[in-house]
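In listed order, ligands and their atoms are each counted from 1. Residue indices begin at 1 and follow the sequence shown. These numbers come from the heavy atoms of this one structure, side chains and all, not from hydrogens, waters or symmetry mates.
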Amino acid sequence: MALTLSKKAQSVKPSSTLAITAKAKEMKANGIDVVGFGAGEPDFNTPDNVCDAAISAIKSGFTKYTPASGTNELKVAICKKFKDFNGLDYKPNQIVISNGGKHSLSNIFDAILNPGDEVIIPAPYWLSYPEMVKLSDGIPVYIEGSKDHGYKVTAEQIQEAITEKTKAFILNSPSNPTGMIYTLEELEAIADVVVRNNIYVVADEMYEYLIYGEEKHISIASLNEEIYKRTITCSGLSKSYSMTGWRIGYTGSSVEIAELMDSVQSHATSNPNSIAQKAALEALVGPQDAVEAMKKEFNERRLYMYQRISNMSHISCLEPKGAFYIFIDCSDALTMKYKGEVIQTADRLTEILLEDKEVAVVPCADFGFPNHIRLSYAISMQQIEKGLDRIESFTKELEA
Ligand SMILES: *Cc1c(COP(=O)(O)O)cnc(C)c1O
């Protein structure tokens with residue numbers, strides 16, 4: 001028997017976002033004043049009441065195994081949140097709490113996919129979806145949202161991509177990386193296609209609280225009974241409560257799927273961290289003013305960035321409606337010359353920005369959209385101003 005390794009594991013692409021972040025960190029460590037627009041997490045501290053709940057959990061000895069799919073009290077709180085915020089009726093036996101939203105998603109694919117099953121992923125997509133699908137033996141099938149449709153896909157596109165092997169469609173609204181959200185009409189049309197073809201929807205609603213302006217979050221599962229049955233709704237505490245390090249995510253699904261995920265999780269990781277579950281409980285049932293304060297701050301940054309970038313030449317963006325990202329179209333800039341060199345790719349543009357302008361951004365080839373970059377506004381306004389000044393000076397140096 002040769003000492004070969006798993007072909008499946010070897011086929012996974014390491015995250016490119018992390019590579020840029022690592023390089024920016026290294027530059028910072030060397031005393032270079034890099035502005036990092038790469039952040040995929042809120043820059044605020046976890047709210048005090050949440051931290052206090054965790055400290056009490058430790059002090060009172062709530063430090064042992066819990067049921068594999070999470071404590072009943074947290075499931076009850078999640079059901080209430082699903083009811084009040086999402087208009088969704090789930091019972092505690094339909095809830096599985098996991099080690100972060102990513103773990104929830106990976107449990108979902110483990111529960112529904114058989115080898116060769118296809119999962120339709122709209123591009124631009126969050127870079128982990130294709131790799132997760134592959135790790136669960138599924139096959140990613142991509143469709144593209146066009147810029148003039150807010151980078152969103154249409155029900156017709158989904159219909160066209162469906163084959164006998166299609167098992168699920170991934171819906172991420174608000175979207176990482178675009179910040180776009182699907183409207184009620186769009187969701188209704190998608191729900192029709194899903195129900196007609198009898199496939200699942202994996203609804204990643206991680207950024208559901210972070211929607212700005214007039215629009216409201218709509219959970220596709222809340223539209224009617226038929227779509228509810230076919231949807232696995234996934235959310236978590238990471239982005240809304242600035243709790244990325246605590247690792248709590250959760251799903252609402254049919255009892256059947258919940259039981260499968262529970263069983264897979266019971267062997268893979270056992271329960272999510274007991275202390276983090278107490279903290280999550282406080283986050284959901286305690287005062288919500290910290291969430292509101294973060295949202296207000298994000299909104300100010302969003303408007304400022306959108307306005308500044310819209311006024312720059314050779315790059316453009318749509319106004320993001322949610323999450324904390326701005327998705328920038330660099331197609332024009334890529335045809336231009338910088339210091340005599342035609343830039344050509346967003347990867348090269350990212351390199352130039354980092355090396356010459358000391359600004360870290362995320363190139364989006366791994367998000368399925370090669371001519372675009374993603375900027376996060378989970379950094380201070382002061383940093384944003386400085387970073388945008390640098391990007392602007394770069395755009396002014398571009399030549400035909
Ligand atoms: C951050 C994120 C998640 C999950 O985050 P966790 O840190 O694992 O809770 C899921 N989906 C999207 C689109 C995200 O950006």
Side-chain angles (χ1 to χ4, degrees), residues 15-18 21 37-44 46 50 70 74 78 81 95-110 119 121-133 135-136 140 145 151-153 168-182 201-211 217 219-220 232-252 261 265 268-269 272-273 276-277 279-280 283-284 291 294 298 320-327 362 364 366-369 374-378:
S15 162
S16 62
T17 340
L18 296 181
T21 318
F37 284 109
E41 61 182 348
D43 55 318
F44 305 102
T46 301
V50 174
L74 182 53
I78 289 169
K81 178 261 163 192
I95 307 295
V96 175
I97 302 155
S98 302
N99 300 286
K102 226 177 225 183
H103 186 208
S104 298
L105 288 163
S106 140
N107 281 336
I108 295 171
F109 297 124
D110 279 346
V119 177
I121 304 180
Y125 46 77
W126 185 44
L127 79 178
S128 291
Y129 296 143
E131 305 309 316
M132 285 179 173
V133 166
L135 282 170
S136 299
Y151 298 106
K152 295 181 279 187
V153 295
F169 165 70
I170 302 181
L171 176 71
N172 177 216
S173 176
S175 154
N176 172 7
T178 68
M180 295 301 155
I181 57 181
Y182 281 80
V201 181
V202 177
D204 180 350
E205 306 188 353
M206 196 53 63
Y207 295 94
E208 60 193 351
Y209 285 180
L210 297 173
I211 292 183
H217 178 68
S219 290
I220 192 166
I232 304 110
T233 308
C234 175
S235 189
L237 286 281
S238 298
K239 310 293 162 59
S240 334
Y241 293 92
S242 199
M243 288 177 69
T244 44
W246 300 77
R247 312 309 303 134
I248 296 288
Y250 56 83
T251 52
M261 291 195 285
Q265 176 162 304
T269 65
N273 180 296
Q277 288 188 71
L284 291 177
V291 179
M294 286 190 256
F298 277 142
K321 313 276 185 197
F324 41 69
Y325 307 104
I326 294 214
F327 195 56
V362 175
C364 288
D366 286 352
F367 291 73
F369 248 67
R374 188 193 75 178
L375 266 60
S376 155
Y377 46 92

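With a heavy-atom cut-off of 4.0 Å, Met206 touches ligand 1 through its side chain alone.
Between Tyr241 and Tyr209, the gap from one ring centroid to the other is short of 6.0 Å. You'll find the ring centres of Tyr325 and Phe37 outside the 6.0 Å limit. Between Tyr207 and Phe298, the gap from one ring centroid to the other reaches at least 6.0 Å.
Polar contact check, Leu105 against ligand 1: no nitrogen or oxygen pair lies under 3.5 Å apart.
For ligand 1 and Gly100, the ligand atoms under 4.0 Å from any heavy atom of the residue are 8 (O), 9 (O). Atoms of ligand 1 lying under 4.0 Å from any heavy atom of Asn176, numbered from 1 in the order shown and given with element: 13 (C), 15 (O). Near Ser238, meaning under 4.0 Å from one of its heavy atoms, ligand 1 places the atoms 6 (P), 7 (O), 9 (O). The ligand atoms of ligand 1 that sit less than 4.0 angstrom from a heavy atom of Asn172 are 13 (C). The atoms of ligand 1 that sit less than 4.0 Å from any heavy atom of Lys102 are 4 (C), 6 (P), 8 (O).
Asp204 and Tyr129 share a donor-acceptor pair across their side chains, judged by distance under 3.5 Å alone. Using modelled atom types, one finds no donor on one side chain facing an acceptor on the other under 3.5 Å when comparing Ser173 with Glu205. No side-chain donor from either of Ser240 and Glu208 sits under 3.5 Å from a side-chain acceptor of the other.
A cation-pi contact, defined as under 6.0 Å to the ring centre and within 45° of the axis, links Lys152 to Tyr182.
Counting protein heavy atoms only, atom 11 (N) of ligand 1 is closest to Asp204 OD2, 2.6 Å. For atom 15 (O) of ligand 1, the nearest non-hydrogen atom of the protein is Tyr207 OH, 2.6 Å.
In this structure the side chain of Leu74 reaches within 4.5 angstrom of the side chain of Leu284, judged on heavy atoms.
When the heavy atoms of Met243, Arg247, Lys239 are ranked by distance to atom 2 (C) of ligand 1, first place goes to Lys239.
In this structure, Thr244 does not count as a contact residue of ligand 1, since none of its heavy atoms falls inside 4.0 Å of the ligand. The shortest heavy-atom distance from Glu41 to ligand 1 is not under 4.0 Å.
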